[in-house]
Amino acid sequence: MTQELTEDGRPSGEPRAWADLVTAVGSLERASAPRWVWAHGMDIYPRLLAAGVRVERCHDVELTETLLLGYIGRWGEPRSVPAAWARLTGGPVPADKPIRAKETQPTLFDAEQPADPLGGVDPLKVLVAVHADQLRRIGETAAPGRFRLLVAAESAGALAAAEMGHAGLPWRADVHSALLTEMLGPRQAYGLPPRKLGELSERIAEALGDRKMHPDSPAELLKAFAKVGIQLRSTRSWVLKEVDHPAVPLLLEYKELYRIYTAHGWAWLSSWVHDGRFRPEYVPGGVVSGRWATRGGGALQIHKRVRRAAIADPGWVLVVADAGQLEPRVLAALAGDDKLALAGHSGDLYRALADEAFGGDRPRAKIGMLAALYGQTSGEAGALVAALRRKFPRAVDYVEKAAQIGESGGLVRSWLGRTCPPATSGWTGGSLDPEPVEEVSDSGARNRARGRFTRNFVVQASAADWALALLATLRPALTGIGVEGARPELVFFQHDEVIVHCRAEDAAEVTAVLEQSAATAGRVVFGDTPARFPLDIAAVECYADAK
DNA sequence: CGATCCGGCGCC
DNA sequence: AAAGGGCGCCGGATCG
């Protein structure tokens, strides 16, 4: 069933029955390309894509419900359409289904689900009512125009996520496998580490004089080092680097190769790469800041060294675009720090910052900026932030304020209104109950950690606002390029970076559209700001050649 | 035994 | 004195 709605969410005309979902959406999309209101795009849209149906716009009710609940500090409440309906009508609120539904016996959770959570009401009517109520609640936020943008961007992001999952990132399994053999030695029988790892492991054990040593066990490593008279705080690579012992360089090499073997080795290849495409499952809104997460495949942690295997189809290229120095630029826009915004006009913001406030020392300028964004105070970071503050007080004060709000129990929002989750129960700021005496000092540390979180949230989440707006702008713009059957396709998105796969002859046009989309996203999200958000763009055959 | 936590490290 | 945000994934260690 479908129901046409007016702009303010009221039904217009009668519901319409269809033979099936694909026919309904396909024909209405061709006729009028409406903004689809549906429960959850990630449940519905992949099926449509599989049947060859694309849609231009949607309002994702579940994602919107999550944003609206977060806005009023009710993080974690069920966000399904039936749950929203229950809150609206005062009924019992059904719990959300677990994200990873396992094929196991019924659990207590299942038993608690009412047989009909809508109490016999027509599901279409429920959807219409919940949507209308969402529009009303959006109108009651402090900045409804921005929140509307947030909802539109979040919904468009879900469409993009499904489309990217459908397209997949071009991936050459043969190249990847050859790369692994070159780095690790030939693949061994199941369960046996490849030759180079085995050899390194033996040499490490020898160097430490402990033949049975297993280098991927931190506990064993600590013991082995203790036996040769070296007390390690941990076995992290940056700790090991401080130590002068012949086992250390071997260990560092082992760690890097072992990481590639376990995270991006042959097992990863056979699980995640099929028919020349890497298809991760993106989870829009999977991170509280609005960044995406993935389920399996680790798409957002593709090791630089295996990007060699991401290769465009013959005659096609990967147009790789990343928003360099995005977070300081976003901070400039958020804080209205025009001086910082202007520092970004030269292209290299850190260079300009260095010349302005750090006597030309770019590394220190970068550390100072990142320390302000993350709340780092150790070493000389505190002094560098202070130096930054002297020249860019508005920017630094903006994040300091966010930190204070967090430390004293408040919530902060992104520019478009995405709200951070409340502190967990372990956190004590604003609590009426005094902590037991022995935990007081610890609660101070927790509050400061909370401050670092809210400090970073305002910037990271606003950067995510911008990135989603970029995706939302880019999606429709790409459909006009190339020829039917060979359109450019969005194939990858990672926080501040997108990859478009297109015919080589379309690369220039795609590049232009990317640049326009970045500028449009900046204007739409932040309005009148001197801040710029340039993309570094490279059209390459191989992802590894983009940087 | 599986489920969960933890150390470690990859990406941004 | 020290004080770096957000994730996912791996293997090992530990819990129930």
Side-chain angles (χ1 to χ4, degrees), chain A residues 100 102 104 191 193 197 214-222 232-241 251-252 254-265 267-268 271-272 280-283 285-307 322-327 330-331 366-382 384-385 399 402-403 406-407 412 414 418 420-421 441-442 444-464 467 492-498 543 547:
Chain A
R100 237 179 280 221
K102 293 235 171 114
T104 51
L197 273 181
H214 210 213
D216 33 75
S217 164
E220 286 186 36
L221 264 181
L222 287 179
L232 293 172
R233 280 169 293 151
S234 76
T235 63
R236 293 188 179 102
S237 50
W238 60 271
V239 171
L240 289 169
K241 274 175 195 152
L251 250 176
L252 294 175
Y254 178 88
K255 277 170 179 280
E256 181 171 8
L257 293 181
Y258 183 71
R259 168 81 193 178
I260 289 171
Y261 170 60
T262 56
H264 289 288
W268 179 88
S271 303
W272 296 102
E281 190 185 345
Y282 293 101
V283 185
V287 179
V288 293
S289 65
R291 284 180 170 185
W292 292 4
T294 57
R295 257 197 292 274
L300 304 183
Q301 302 111 250
I302 303 175
H303 198 294
K304 286 254 187 351
R305 288 180 70 170
V306 305
R307 292 181 184 183
D322 87 276
Q325 308 167 338
L326 178 60
E327 296 198 342
V330 163
L331 175 58
K366 185 171 176 179
I367 292 170
M369 188 75 235
L370 294 178
L373 293 174
Y374 293 150
Q376 180 185 8
T377 54
S378 65
E380 62 171 352
L384 295 175
V385 174
V399 286
E407 286 191 28
V412 296
S414 75
R418 188 187 308 266
C420 75
S441 62
D442 191 38
R446 272 203 298 267
N447 288 351
R448 285 192 294 280
R450 176 71 183 171
R452 287 192 297 276
F453 169 68
T454 51
R455 167 197 293 269
N456 185 251
F457 183 94
V458 292
V459 179
Q460 186 183 119
S462 301
F492 191 63
F493 171 59
Q494 178 176 234
H495 313 317
D496 61 359
E497 174 180 1
V498 296
Y543 186 18
K547 281 176 186 169

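- Residues A/Phe492 and A/Gln494 meet the side-chain proximity criterion, which asks for heavy atoms closer than 4.5 Å.
- Using a 4.0 Å heavy-atom criterion, one finds that A/Val459 contacts no nucleic acid atom at all.
- Checked against C/dA3, C/dC7, C/dG11, the side chain of A/Ser378 finds its nearest nucleotide in C/dA3.
- Using bins of under 30°, 30° to 60° and over 60° for the plane-to-plane angle, the ring pair A/Tyr258/A/Tyr261 lands in the tilted bin.
- For the pair A/Arg291 and C/dC7, the criterion of a side-chain N or O lying under 4.0 Å from OP1 or OP2 is not met.
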Heavy-atom protein contacts under 4.0 Å, nucleotides 4-11 of chain B, coded B base, S sugar-phosphate only, - none: ---SBBBB

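- Out of C/dG11, C/dA3, C/dG6, the shortest distance to the side chain of A/Arg448 is found at C/dA3.
- A/His264 comes within 4.0 angstrom of no nucleic acid atom, judged by non-hydrogen atoms across all strands.
- Within the 4.0 angstrom heavy-atom criterion, only backbone atoms of the sugar-phosphate kind lie near A/Tyr258; the bases stay farther away.
- Straight-line distance from the CD1 atom of A/Ile260 to the P atom of C/dC9: 18 Å, rounded to whole Å.
- Closest approach to the A/Thr262 side chain among C/dG5, C/dG11, C/dC7 is made by C/dG11 (side chain taken as heavy atoms from C-beta onward).
- At C/dA2, none of the side-chain N or O atoms of A/Thr377 fall inside 4.0 Å of OP1 or OP2 (strictly under the cut-off).
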